[in-house]
Amino acid sequence: MPTPESISLDAPLDELLDYAGRRFAVAFEPVSAAGRTLEILQITNMAEYVERIAEAATQGQGLDLPFWARIWPASMVLAHMAASLPLGPGAELLEIGAGVGVCGLFAAAAGLHATITDISHDALVFTRINALHNGLGDRVRVLRADFSADRLGRRFDVIIGAEVLYIERLHRGLVKFLGAHLRPREGAQALLARNHERRSMRFFKLAEEDFVMSNKTVGCKATGEDGEIERHLCDIVRLVPRKVVAA
């Protein structure tokens with residue numbers, strides 16, 4: 001049996017589930033977007049888990065909190081949009097900072113080929129589990145990538161990311177990553193979703209030279225940890241490369 005440190009993303013579903021179950025309290029929960037419902041693996045005792053991490057941390061040590069495991073309201077808005085994109089057969093989509101992979105998974109369920117990335121190994125394990133559990137293993141590729149620094153050696157028709165703008169020091173690297181991985185042709189675009197309150201003005205300043213940008217604010221609802229319905233405003237930022245090559 002693989003140890004938690006050595007589990008491969010190519011491991012069978014039952015081994016990946018065993019790994020996740022030894023690391024966290026987990027369960028599949030139905031999540032719906034764009035007229036489809038997928039079963040997404042979730043940490044069921046998030047508050048308790050975060051409390052344990054905080055108690056175990058030494059004074060002055062930064063906490064490695066599992067923000068990747070939460071499905072943010074912006075993720076659900078982006079999942080709906082990604083699954084509704086008018087792209088032809090064979091179109092390729094890249095999700096960055098994916099967490100449990102909700103946006104890319106719904107895009108794959110709609111027929112796109114999705115490469116789903118994150119820097120957290122646990123996040124990638126959850127994403128791979130979700131892809132296999134929902135019968136999307138043939139349309140989903142899962143790999144580690146740091147969108148502030150890495151290069152994947154290929155380009156995509158669409159790049160999506162939810163709540164990837166909240167760390168300002170990553171903005172310059174993100175702009176360069178988008179330019180290096182979007183196909184330079186008509187129709188290529190990046191869609192970034194964020195909470196409306198996060199202004200991220202430095203990102204827009206850095207991106208304006210290479211991209212034409214537009215912003216759409218969307219209202220959405222989400223169920224809070226207490227079971228109450230919460231209302232949110234989310235922004236969808238669309239970036240289109242200024243330099244394109246005619247097909």
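From a predicted model like this one, the values you see are computed outputs, not experimental measurements.
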Trainee: Are N195 and Y166 linked by a side-chain donor-acceptor pair shorter than 3.5 Å?
Mentor: no
Trainee: Between Q42 and I40, is any pair of side-chain heavy atoms under 4.5 Å apart?
Mentor: yes
Trainee: Tell me every residue that passes salt bridge (charged side-chain N to carboxylate O under 4.0 Å, His left out) with K216, counting only those two or more places apart in sequence or in another chain.
Mentor: none
Trainee: Determine yes or no for a side-chain-to-main-chain donor-acceptor pair under 3.5 angstrom, with N134 supplying the side chain and L136 the backbone.
Mentor: no
Trainee: With R238, which residues qualify under side chain to side chain contact (heavy atoms under 4.5 Å, CB included), at least two apart?
Mentor: Q189, L191, S214, V240
Trainee: Please collect all salt bridge (charged side-chain N to carboxylate O under 4.0 Å, His left out) contacts where either partner lies in residues 81-104, sequence neighbours excluded, each pair once.
Mentor: E92-R154, E92-R183
Trainee: Could you report the tightest heavy-atom contact between T117 and A145, atom names first, then the distance?
Mentor: CB-CB, 3.7 Å
Trainee: Can a donor-acceptor pair be found, under 3.5 Å and without considering hydrogens, that links the side chain of D18 to the backbone of D14?
Mentor: no
Trainee: Less than 3.5 Å apart, which donor and acceptor atoms pair up between the side chains of residues 79-89 and the rest of the protein, not counting sequence neighbours?
Mentor:
unit_1: H80; atom_1: ND1; unit_2: A34; atom_2: N; d: 3.3
unit_1: S84; atom_1: OG; unit_2: H80; atom_2: O; d: 2.8

Trainee: For R151, which residues count as a side chain to side chain contact (heavy atoms under 4.5 Å, CB included) partner, sequence neighbours excluded?
Mentor: K176, F177, A180, H181
Trainee: Determine the minimum heavy-atom distance between T37 and P30, stating which atoms define it.
Mentor: CG2-CB, 3.9 Å
Trainee: Kindly state each residue pair satisfying salt bridge (charged side-chain N to carboxylate O under 4.0 Å, His left out) with at least one member in residues 104-113, sequence neighbours excluded.
Mentor: none
Trainee: Can you give me the closest heavy-atom contact between V26 and A20, atom names plus distance?
Mentor: CG1-O, 4.1 Å
Trainee: Take a 6.0 Å sphere around CZ of R202 and say whether it holds more than 12 heavy atoms from other residues, nucleotides or ligands.
Mentor: yes
Trainee: Shortest non-hydrogen contact from A69 to I43?
Mentor: CB-CD1, 3.6 Å
Trainee: With sequence neighbours excluded, what pairs up with R141 under the salt bridge (charged side-chain N to carboxylate O under 4.0 Å, His left out) test?
Mentor: none
Trainee: Let me have the donor-acceptor pairs involving side chains of residues 96-115, under 3.5 Å, with sequence neighbours excluded, atom names and distances please.
Mentor:
none

Trainee: Among all residues two or more places apart in sequence or in another chain, which pass the side chain to side chain contact (heavy atoms under 4.5 Å, CB included) test with T44?
Mentor: A25, A27, E29
Trainee: For the pair N130 (side chain) and L41 (backbone), establish whether a donor and an acceptor sit closer than 3.5 Å, ignoring hydrogens and angles.
Mentor: yes
Trainee: Pairs in or reaching into residues 184-206: which pass ring pair (Phe, Tyr, Trp, His ring centres under 6.0 Å), with residues at least two apart or in two chains?
Mentor: H171-F203
Trainee: Tell me every residue that passes side chain to side chain contact (heavy atoms under 4.5 Å, CB included) with A123, counting only those two or more places apart in sequence or in another chain.
Mentor: W68, D118, S120
Trainee: Just jot down the salt bridge (charged side-chain N to carboxylate O under 4.0 Å, His left out) partners of R194, sequence neighbours excluded, or say none.
Mentor: D235
